[in-house]
Each structure stands twice: as structure tokens, then as C-alpha cells.
Q: 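The structure that follows is given in the form of C-alpha cells.
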Amino acid sequence: MLTALPLQAQDLNVYRGTQVSPQIERVYEHGLQYLVTSQEEDGSFPGNYGREPATAALAMLAMFAHGDDPNYGPYAKSIKRCVEYLLKSTDAGTGYIGNSMYNHGFSTLALAEAYGAVQDERIGPAVKKAIDLILTSQEKNRFKAWRYSPDSKDADSTVSGACFVALIAARNAGLRVPDNAIDDALKFYTDCQQPGTGSIGYTPGSGANGTATTAIGVAVYAYARKKDQPTFVKALSALKKSEDENGGGYPFYGEYYESQALFQSDVKAWEAWNDKRVQKLADSQNEDGSWDASLGAPLSTAFGLLSIALSYRYLPIYER
């Protein structure tokens with residue numbers, strides 16, 4: 001049986017030198033208030049993608065990342081609703097969450113981060129089943145990665161990113177994740193790398209999808225603690241040279257991964273990027289605390305908050 005551990009923050013002074021600024025706290029709190037007030041009673045959210053489990057998962061992660069007590073703090077009720085929605089969206093037999101591996105990956109990540117932090121005995125078994133499904137799906141895939149369905153034979157770097165980070169979070173929580181599962185997934189990203197530029201493509205042999213896919217490639221290698229590998233070094237160089245600010249046409253999603261990639265790889269570069277990102281979010285935040293994009297306000301807001309959540313350092317997955 002795994003031991004539940006309290007959520008602890010990393011020392012904010014280790015990487016940044018100052019506490020979280022009033023501007024960051026103001027922007028972040030405003031965004032969280034939007035998520036809380038817009039959430040439905042069943043834990044889902046309104047609008048585009050609002051009823052997808054991934055939206056509840058990412059909203060919950062944004063709340064965790066702020067560092068409040070998830071059981072008794074100001075967001076405890078909303079977090080409980082998110083947990084309920086994720087568990088309700090889980091197939092009791094297979095452990096599959098939602099109707100795509102995108103949903104499954106992000107939802108598994110959220111539940112893995114909740115395990116040991118949220119007082120709910122159902123979370124541990126749900127995470128175990130969800131991870132087993134990710135591993136089984138990978139074993140059956142000819143690329144040893146993931147795409148939209150658990151039975152997909154092809155793979156892409158975006159769905160694979162969601163599933164891979166879930167594996168890392170589960171490993172951090174104490175679940176067994178075989179080394180070969182990590183190594184096989186990393187090889188897929190190497191196969192997606194463009195020889196000339198170092199960018200990471202959507203699939204092997206394809207072009208990079210703006211900064212998003214390259215940022216995902218950098219992040220997965222960093223989370224695997226393989227920052228000495230040529231794939232990582234080349235991809236990080238390509239990411240730093242990129243001037244794309246739209247995440248390859250998916251604003252908020254691309255920045256979600258770019259923040260993690262830079263923080264895990266080059267803290268100084270992340271500091272400069274984060275300052276600009278916070279200001280951009282402050283300038284574009286709606287009166288109700290949300291942000292608008294094609295993904296819908298709830299999902300865009302969750303991604304937006306998570307793109308600056310490293311300012312707090314509370315989520316275990318963000319540890320360096």
C-alpha cells in the first residue's frame with residue numbers, strides 16, 4: 001500500500017530569488033475564481049470541451065498548483081467535484097477515462113497528483129488501473145507510443161506527451177512503471193525529431209507543429225532525467241530559437257508545455273519567458289477571470305493558469 005504524503009512546496013528562493021509577485025497572485029486567483037464559479041454541480045464545465053474529463057483534470061491541477069489544502073482549503077469543494085467527475089468518467093472494468101487517450105492521459109496525471117494529497121480511498125485503485133491501460137496500450141502500439149484510442153497502431157507526439165507525463169507522475173507517486181516503457185517512449189520522440197533543425201514533429205517524418213510539439217519533446221526528456229541525450233539538447237536549442245507565441249495554432253496548450261520544458265531545462269530562460277507570459281495573461285484576462293480561445297474558456301483558463309503555475313512550485317510533477 002502506498003503511503004500518502006502531504007503536499008509540499010519547493011523553496012521559491014532556490015530558482016527565482018523572490019516570492020511570488022502580487023501580479024501573479026492576482027492573475028492566478030482571478031482565474032481560479034472563474035473556474036470555481038463556472039463549474040457545474042457534477043464537476044464538469046460549460047462550453048467547448050467543458051464536459052471532457054481532461055478539462056476537470058486540468059482545472060483540478062490548476063487548483064492544486066496554487067498550494068491550498070485540497071481537503072479543507074478554499075478550493076476543496078471544487079476539487080472534490082473534479083475527482084468525482086473523473087471517477088464517474090472512468091470505465092470500471094478497463095480503467096479508461098473518457099473517450100480518448102488525450103482525456104485519459106491528462107485525467108491520469110491529475111489523479112496521480114491527487115493521490116497522497118486528497119483524502120479519497122478510491123483514487124489509488126483508479127490510478128493503478130489507468131496506468132495499466134497506458135502501459136498496455138503502449139505495448140500494443142507499433143511505435144511504442146500513443147494516439148487517440150488505446151488500440152491505436154499509430155502514434156503522435158501530443159497524445160504521447162499526455163500519457164508520458166502521467167507515467168512520470170505515477171512513478172513519482174510510488175507506482176511501478178517499467179524503465180523500458182520510458183525508454184521506448186523517448187525513442188519515439190527521437191524518431192519524431194527533424195535532423196536539420198532539432199524540432200520535434202507531430203509524427204515521425206513530419207514537420208514541427210509550432211513550438212508545442214518541440215516543447216513536449218523537451219519536457220518528456222527532462223522529466224525522464226535524460227538531459228544529456230542528443231535529442232534533448234537539439235530540441236531545447238530549437239525551442240529557444242523559436243519565436244512562435246501561439247503554440248502552433250493552439251494558444252494556451254503550447255505554452256502549458258513550453259513553461260515546463262524551459263523550467264526543467266534552463267531556469268534563467270524560464271524566468272524571462274515567465275515574466276512575459278504573466279504580463280500577457282494579465283493584459284488579456286477577461287473581467288470574469290477567464291481567457292478565451294478555440295479550446296473554450298474553462299480549458300483555456302486551466303491551461304493558462306498552469307502555464308504560470310511553476311511560479312508556485314507546489315505540484316510534485318514540477319519538481320526539478
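Keep in mind that this is a model prediction, so the values were computed, not measured.
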Q: Spell out, as yes or no, whether a donor-acceptor pair under 3.5 Å connects the side chain of S265 to the backbone of L262.
A: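 Here the side-chain-to-backbone pair does not exist.
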Q: Would you say M101 and L133 make side-chain contact, with heavy atoms under 4.5 Å?
A: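 M101 reaches L133 side chain to side chain.
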Q: State plainly whether the residues R122 and D120 are in salt-bridge range, i.e. N to O under 4.0 Å.
A: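 Salt bridge between R122 and D120, a charged N being under 4.0 Å from a carboxylate O: yes.
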Q: Do Q279 and D283 have side-chain atoms, one donor and one acceptor, less than 3.5 Å apart?
A: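 On atom types as modelled, these side chains qualify, holding a pair under 3.5 Å.
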Q: Is any side-chain heavy atom of F64 closer than 4.5 Å to one of P70?
A: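 Side chain of P70 against side chain of F64, heavy atoms only: contact under 4.5 Å found.
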Q: Are a donor atom and an acceptor atom from the side chains of S107 and N103 found within less than 3.5 Å of each other?
A: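 Short answer, no.
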Q: Between T213 and G201, what is the shortest heavy-atom contact and its length?
A: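 Shortest heavy-atom contact: CB-O, 4.0 Å.
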Q: Quick check for you: to the nearest 0.5 Å, what is the distance between Y202 atom OH and C192 atom SG?
A: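 It comes to 10.5 Å.
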Q: Hey, does P251 have a side-chain heavy atom less than 4.5 Å from the side chain of F303?
A: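 Side-chain contact under 4.5 Å: no.
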Q: Taking C-beta and beyond as the side chain, do W146 and S152 meet within less than 4.5 Å on heavy atoms?
A: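 Side chain of W146 against side chain of S152, heavy atoms only: no contact under 4.5 Å found.
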Q: Could you walk me through whether Y223 and Q264 pass the side-chain contact (heavy atoms from CB on, under 4.5 Å) test, one step at a time?
A: CA-CA 8 Å; Y223 282 134; Q264 292 292 333; 3.5 Å; yes
Q: Strictly by salt bridge (charged side-chain N to carboxylate O under 4.0 Å, His left out), give each pair with a member in residues 86-96 just once, sequence neighbours left out.
A: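 Qualifying pairs, neighbours excluded: D42-K88.
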Q: Hydrogens and angles aside, do S294 and N48 bring a side-chain donor and acceptor to less than 3.5 Å of each other?
A: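 No.
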Q: Can any side-chain N or O of E25 pair as donor or acceptor with the backbone N or O of S21 at less than 3.5 Å?
A: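 No, E25 side chain to S21 backbone: no donor-acceptor pair under 3.5 Å.
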Q: Examine distances only and state if a side-chain atom of K129 and a backbone atom of A92 form a donor-acceptor pair shorter than 3.5 Å.
A: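 Checked: pair present.
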Q: Within this structure, what is the CZ-OH distance for the pair F164 and Y189, rounded to the nearest 0.5 Å?
A: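 Nearest 0.5 Å value for the CZ-OH distance: 8.0 Å.
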Q: Identify, with sequence neighbours excluded, every residue that meets salt bridge (Lys or Arg N to Asp or Glu O under 4.0 Å) alongside K234.
A: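 K234 satisfies salt bridge (Lys or Arg N to Asp or Glu O under 4.0 Å) with no residue once adjacent residues are dropped.
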Q: Which residue, R277, K280, E255, forms the side chain to side chain donor-acceptor pair (under 3.5 Å) with S307?
A: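 Going through R277, K280, E255 one by one, the side chain to side chain donor-acceptor pair (under 3.5 Å) with S307 is satisfied by R277 alone.
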Q: Under a 3.5 Å distance rule, please check whether S290 uses its side chain to pair with a backbone N or O of N286 as donor and acceptor.
A: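 Between the backbone of N286 and the side chain of S290 there is no qualifying donor-acceptor contact (under 3.5 Å).
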Q: Report the distance from atom CD1 of I216 to atom OG1 of T214, rounding to the nearest 0.5 Å.
A: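 The CD1 atom of I216 sits 9.0 Å away from the OG1 atom of T214.
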Q: Minimum heavy-atom separation for A56 to L86, with atom names?
A: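 Where A56 meets L86 most closely, the heavy atoms are CB-CD2, 4.4 Å.
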Q: Does anything in residues 73-96 pair up under ring-ring contact (aromatic ring centres under 6.0 Å, His included), and if so which pairs, sequence neighbours excluded?
A: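 Listed by first then second residue: Y96-H104.
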Q: How long is the span from the CD atom in Q39 to the CD1 atom in I79, to the nearest 0.5 Å?
A: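 Result: 9.5 Å between the selected atoms.
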Q: Would you say E139 and S137 make side-chain contact, with heavy atoms under 4.5 Å?
A: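 SC-SC contact between E139 and S137 ruled out.
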Q: Donor-acceptor check, side chain of T301 to backbone of W291, threshold 3.5 angstrom: yes or no?
A: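 Yes, T301 side chain to W291 backbone: donor-acceptor pair under 3.5 Å.
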Q: Among residues at least two apart in sequence or on other chains, which ones pass side chain to side chain contact (heavy atoms under 4.5 Å, CB included) with K140?
A: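 K140 satisfies side chain to side chain contact (heavy atoms under 4.5 Å, CB included) with T136, D151, K153 once adjacent residues are dropped.
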Q: Would you say that more than 12 heavy atoms from the other residues, nucleotides or ligands in this model lie under 6.0 Å from the OH of Y148, or not?
A: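 Above 12, so yes.
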Q: Walk me through whether E40 and R81 qualify under side-chain contact (heavy atoms from CB on, under 4.5 Å).
A: CA-CA 9 Å; E40 306 286 357; R81 286 177 174 173; over 6 Å; no
Q: Could you walk me through whether H66 and Y312 satisfy the ring-ring contact (aromatic ring centres under 6.0 Å, His included) test, starting with their C-alpha distance in whole Å, then the side-chain angles of each, then the deciding distance to 0.1 Å, before giving a yes or no?
A: CA-CA 6 Å; H66 193 247; Y312 295 97; 5.1 Å; yes
Q: Which atom names give the shortest non-hydrogen contact between Q138 and A181, and what distance separates them?
A: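 Shortest heavy-atom contact: NE2-O, 2.9 Å.
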Q: Does a salt bridge link K240 with E258, judged by any charged N lying under 4.0 Å from a carboxylate O?
A: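 No, no charged N to carboxylate O under 4.0 Å.
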Q: Within a strict 4.5 Å, meaning less than it, do heavy atoms of the V36 and M63 side chains meet?
A: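 Sidechains of M63 and V36: in contact.
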Q: Taking F252 as the fixed residue, which of D292, L305, L299, L281 is the one that meets the side-chain contact (heavy atoms from CB on, under 4.5 Å) rule?
A: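 One option only clears the test, and that one is L281.
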Q: Could you pull out the closest heavy-atom pair between E113 and A117, with the gap in Å?
A: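 Looking at all heavy atoms of both residues, the closest pair is O-CB, 3.9 Å.
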Q: Between T190 and Y221, is a side-chain contact (heavy atoms from CB on, under 4.5 Å) present by the stated rule, with each step listed?
A: CA-CA 10 Å; T190 296; Y221 263 86; 2.6 Å; yes
Q: Set out, in order, the CA-CA distance, both residues' side-chain angles and the distance that settles side-chain contact (heavy atoms from CB on, under 4.5 Å) for L310 and N274, then state yes or no.
A: CA-CA 9 Å; L310 283 156; N274 191 59; 5.9 Å; no
Q: Closest heavy-atom contact between A114 and I123?
A: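 In this case the closest contact between A114 and I123 is CB-CD1, 4.0 Å.
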Q: Indicate the ring-plane relationship of Y257 and Y253, choosing parallel, tilted or perpendicular according to the 30° and 60° boundaries.
A: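 Taking Y253 first and then Y257, their aromatic rings stand perpendicular (interplane angle over 60°).
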Q: Which residue pairs pass the salt bridge (charged side-chain N to carboxylate O under 4.0 Å, His left out) test when at least one of the two sits in residues 93-112, sequence neighbours left out?
A: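 Applying salt bridge (charged side-chain N to carboxylate O under 4.0 Å, His left out) to every pair that reaches into residues 93-112, excluding sequence neighbours, yields nothing.
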Q: Quick one: CG on L175 to CG on D132, what's the gap to the nearest 0.5 Å?
A: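 Reported value, rounded in 0.5 Å steps: 8.0 Å.
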Q: With a 4.5 Å heavy-atom cut-off, do Y34 and Q285 have their side chains touching?
A: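 Y34 does not reach Q285 side chain to side chain.
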Q: With salt bridge (charged side-chain N to carboxylate O under 4.0 Å, His left out) as the rule and sequence neighbours excluded, what pairs involving residues 179-197 come up?
A: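 Only R171-D179, K187-D191 qualify under salt bridge (charged side-chain N to carboxylate O under 4.0 Å, His left out).
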Q: Roughly how far, to the nearest 0.5 Å, is the OG atom of S149 from the CG atom of N99?
A: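 If I round to the nearest 0.5 Å, the distance is 10.5 Å.
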Q: For A261 versus L239, what's the shortest heavy-atom pair and its separation?
A: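 Scanning both residues completely, I find the closest heavy atoms to be CB-CD2, 3.8 Å.
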Q: Compare all side-chain heavy atoms of T55 with those of F106 and state whether any distance is below 4.5 angstrom.
A: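 A side-chain contact under 4.5 Å is absent here.
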Q: Could you walk me through whether T197 and Q194 pass the side chain to side chain donor-acceptor pair (under 3.5 Å) test, one step at a time?
A: CA-CA 6 Å; T197 66; Q194 296 178 307; 3.1 Å; yes
